[in-house]
Amino acid sequence: MSKVNITIDGQQYQVPAGEKLLWAALDCGVYIPHLCANKDKERPDASCRLCFVEIEGFSNPVTSCTQEVFEGMVVRTRTPQVDRLVQTAFELLLSNHKLRCGKCPQNRQCELQKIARERKLKLKLTRLRPLLTEEKPVDDSTDVFIYDPNRCVLCGQCIWVDHKIVEVGAIGFINRGFKRKMGTFGDVPLAESRCTQCGECVKVCPVGALVFKEKTE
Amino acid sequence: MSIADKYNAIRIAAVEKIDKMKEKPHVLVGTATCGRAAGALTILDVFREEADKHQLDIIIDEVGCMGHCYAEPLVVIAKPGFPTLCYGPVDEGIAKRLVVDFLVNDDPCYDFAIAALEPNDEFPTFEDFPRGVIEKKIILADCGFIDPNDIDHYLARDGYAALAKVLEMEPYAVIEEVKSAKLRGRGGAGFPTGVKWERCFKAEGSPKYVICNADEGDPGAFMDRAILESNPHQLIEGMIIAAYAIQASTGYIYVRAEYPLAVARLRNAISQAREKGLLGDNILGSDFSFDVIIFQGSGAFVCGEETALIESIEGKPGVPNHRPPYPATCGLYGKPTVINNVKTLSYVPHILRKGADWFRSIGTENSPGTAVFALAGKVVGTGLVEVPMGTTIRELVYDVGSGIKDDKMFKAVQIGGPSGGCLPESSLDLPIDFDSLQEAGAMMGSGGLVVLDEDDCMVEIARFFLDFTQKESCGKCTFCRLGTKQMLDILTDITQGKGSLEDLNILQDLAEDVKMGSLCSLGKTAPNPVLTTLKYFRDEYEAHINEGRCPALMCKDLITYIIIPEKCSKLCDVCIGSCPTEAIYTRPDMLKAIYLDKCVKCNNCMVACPPQYKAVIKVSPPIVEEKEETVEGGKEDE
């Protein structure tokens with residue numbers, strides 16, 4: 001496979017040609033925050049807006065999950081502009097997220113916590129107002145796992161697995177705008193949907209929205 | 001038979017038919033959606049009934065929109081021997097008189113006329129008014145004057161001549177011509193149309209598609225609807241030419257289902273074009289085949305964004321995708337696709353018929369041609385206007401629109417709808433073109449232009465537009481889904497007097513971040529109304545926050561209605577009857593006053609108070625009654 005030379009934060013790397021920058025950087029051990037990225041997706045979602053980087057010659061920061069690497073590419077993962085965008089996107093996600101980490105079964109395994117650690121961001125709201133004013137009901141109808149929409153970050157990983165890997169088609173994004181959420185057709189409880197309770201979606205949830213019941217006890 | 005011969009045959013037949021019609025008196029009633037809202041269908045019935053009653057041998061046609069919204073319903077009467085006159089607003093009485101006095105007898109009723117269509121010795125034409133001097137109509141020229149339901153009207157005005165010419169050109173030569181005309185996309189961003197076509201032409205993949213984006217959704221914008229309802233063939237011809245240029249065989253018109261009349265007229269136009277051999281297999285006997293499918297969108301604003309529009313046609317939820325790849329290389333069903341706005345495609349036949357040089361001679365160097373605006377708000381002459389690019393906002397508001405209603409003070413123009421911005425008085429001499437508007441922080445957008453006066457609160461205007469984009473956000477990306485919500489909450493607080501100066505900084509930062517960080521153009525432009533009002537009208541924000549005062553007296557939570565005793569009359573009590581909550585009482589001295597705790601600020605009393613008194617006024621900051629405060633204290637406790 002042909003390779004191209006790129007520079008990330010002053011360090012030179014050889015990465016496979018045609019690869020998206022996010023995966024190339026992660027393979028080189030450079031961390032870039034990300035939630036929605038999925039290597040197997042033909043067209044990146046680019047919806048979490050966390051993987052911004054600056055590239056020499058580009059006037060504005062770009063999402064690294066959508067940007068292909070090219071020979072001589074010079075990337076900076078930390079610039080004032082990038083940090084500002086990532087911080088705002090992160091805070092926005094937190095503003096609509098149930099924040100009691102101590103009570104969350106995913107505590108210490110959560111991607112949000114990892115991003116906060118890596119980027120030295122606070123896991124509480126300092127600037128924005130909490131948007132999660134009334135909590136949505138938790139769906140514990142299945143025998144295997146629970147779904148807590150108040151912890152969901154809408155990354156779409158569970159939906160991808162449901163549609164493309166296990167090919168069940170029980171869940172998808174429903175509603176729109178601020179009300180957009182992961183749900184079943186007609187928003188019925190998971191146990192009443194065509195969900196087979198295989199649990200594959202739970203394994204890919206980066207936060208505590210989908211959690212095996214054994215973990216919650 | 002050659003392509004030219006075939007075309008000439010159908011054109012000549014059309015001309016003969018229309019000439020024959022012109023021998024008889026001809027009544028045109030504007031029955032586009034705008035006219036119908038003003039009662040045009042009733043007027044149409046009156047003309048038909050009266051004509052029957054008087055056994056008149058006349059032709060009564062439904063036409064589209066002439067752009068003079070302030071004078072709807074509009075009627076044009078062409079009677080041989082008289083200047084062709086435009087009347088409006090026409091009510092049932094006037095309609096009856098026009099039939100009896102003008103059509104039966106020979107009195108053209110100049111009292112009801114607005115203007116004549118051609119120069120004559122009797123009555124001024126539209127060109128004799130300031131609006132007519134500045135306006136330069138290209139794509140609106142025939143709107144309201146031809147019958148959109150009869151293809152022969154369009155053919156008789158050289159319709160489809162450009163198509164006949166194009167079919168004998170090399171496809172790439174067509175692209176060169178459009179490139180040389182420097183036509184820029186009228187959907188808002190102003191991307192060069194020729195370049196888009198070229199990319200699609202060169203892209204590998206087959207079949208290719210042409211999509212007309214008629215998903216007009218900006219509040220207050222109705223340019224595309226008027227064109228679809230008034231001259232659908234102009235668009236269809238433009239689409240066929242675009243399709244020939246990129247060698248596409250199928251086209252889609254993505255039109256909102258909320259435009260039923262536009263859909264009906266388009267359907268009819270498409271079937272008539274097919275009958276004449278202008279659409280379908282082997283167009284005009286050439287090797288080129290192309291057909292058009294109407295796709296009705298279900299009213300999501302975001303589907304006007306091209307990647308979401310494509311998803312919607314494919315049967316998926318209308319949610320935008322990251323670009324690149326652009327539709328020109330990877331569009332509908334993954335195939336190269338050209339997506340153009342209704343107006344953009346409507347220019348195409350004119351450019352191909354009259355040449356790129358002609359088009360470049362209108363407008364400015366980098367934005368040639370004309371701009372179509374839906375002029376609305378506090379302006380006298382509301383309507384659909386088409387002016388050369390480079391016309392200043394001042395000319396548009398004061399000459400074309402005849403100035404501000406009720407002699408109020410001009411405050412701002414909101415250009416480009418929810419994606420655009422508010423420009424203050426200091427921008428009045430800004431020439432309207434893609435680049436200068438962008439520089440000023442606004443945007444051409446799809447062409448809504450709302451004029452605001454001293455009674456409009458800029459914070460409320462920003463809140464109104466953000467409320468729209470926040471509700472229309474698809475919710476896919478973080479910035480737009482949550483950022484617009486955060487911004488809206490801050491703005492709502494400010495309009496309710498609950499904001500802080502710190503909020504203002506957060507609002508500014510958030511607006512900049514949402515603009516930079518969002519996935520699609522909806523999110524990227526949603527902060528524009530906020531950013532421009534913060535830039536040009538920061539003092540209004542500060543008045544709300546620091547003084548609890550709304551300078552325009554618009555924000556309900558920050559005003560109080562009072563009756564000035566010195567102006568009130570003992571003999572009048574209309575305000576009492578107008579109040580829905582019995583908040584107005586008669587004082588012992590017989591003057592009226594308002595119970596502040598009962599008043600719901602509906603504005604009825606202010607409207608009802610006779611102009612000779614004008615005793616009801618609004619004051620800001622609101623007058624706070626002592627007992628009211630205790631009530632509020634209880635409410636806050638949640």
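Heavy atoms only: backbone and side chains are in, while hydrogens, waters and symmetry mates are out. In what follows, chains carry the letters A, B, and so on, assigned in the order in which the sequence lines appear, proteins first and then strands, with residues in each chain numbered from 1.
- With respect to B:Thr478, the side chain to side chain contact (heavy atoms under 4.5 Å, CB included) criterion is satisfied by exactly one of A:Leu92, A:Asn96, A:Val153: A:Leu92.
- Contact check for B:Val319 versus A:Phe173: no side-chain heavy atoms found under the 4.5 Å cut-off.
- Shortest non-hydrogen contact noted between B:Asp509 and A:Arg84 is O-NH2, 3.1 Å.
- Residue B:Pro325 touches chain A through both its backbone and its side chain, counting heavy-atom pairs closer than 4.5 Å.
- For the set A:Pro61, A:Pro44, A:Ala89, the entry with the most heavy-atom pairs within less than 4.5 Å of chain B is A:Ala89.
- Heavy atoms closer than 4.5 Å to chain A are found in both the backbone and the side chain of B:Leu519.
- Heavy-atom neighbours of B:Lys471 NZ from other residues, nucleotides or ligands within 6.0 Å: at or below the threshold of 12.
- Using a 4.5 Å cut-off between heavy atoms, A:Arg43 touches chain B through its side chain atoms alone.
- Classification of B:Glu472 and A:Arg176 as a salt-bridged pair holds, one side-chain N sitting under 4.0 Å from a carboxylate O.
- Nearest heavy-atom pair across B:His322 and A:Ala46 is CB-CB, 4.1 Å.
- Ion pairing between a basic and an acidic side chain is recognised when a charged N comes within 4.0 Å of a carboxylate O; B:Asp493 and A:Arg129 show such pairing.
- Of the listed residues (A:Asn175, A:Asn60, A:Leu35, A:Leu131), the greatest number of heavy-atom pairs within a distance under 4.5 Å of chain B belongs to A:Leu131.
- To the nearest 0.5 Å, atoms OG (B:Ser473) and CZ (A:Arg180) are separated by 9.0 Å.
- Highest contact tally toward chain A, considering only B:Leu482, B:Leu510, B:Asn505, is held by B:Leu482 [criterion: heavy-atom pairs under 4.5 Å].
- Here OG1 of A:Thr66 is found 11.5 Å from CG of B:Asn321. Values are rounded to the nearest 0.5 Å.
- Atom CD of B:Glu204 has 12 or fewer heavy atoms from other residues, nucleotides or ligands within 6.0 Å.
- No more than 12 heavy-atom neighbours from other residues, nucleotides or ligands sit within 6.0 angstrom of CZ on B:Arg199.
- Only the backbone of B:Ser518 comes within contact range of chain A, judged by heavy atoms closer than 4.5 Å.
- Contact record, A:Leu85 with B:Phe479: O-CZ, 3.4 Å, taken as the closest heavy-atom pair.
- Using a 4.5 Å cut-off between heavy atoms, A:Glu91 does not touch chain B at all.
- Looking only at distances, a side-chain donor or acceptor of A:Arg49 sits under 3.5 Å from a matching main-chain atom of B:Gly517.
- Counting heavy-atom pairs closer than 4.5 Å to chain A, the top-ranked of the candidates B:Arg481, B:Met516, B:Lys476, B:Glu502 is B:Lys476.
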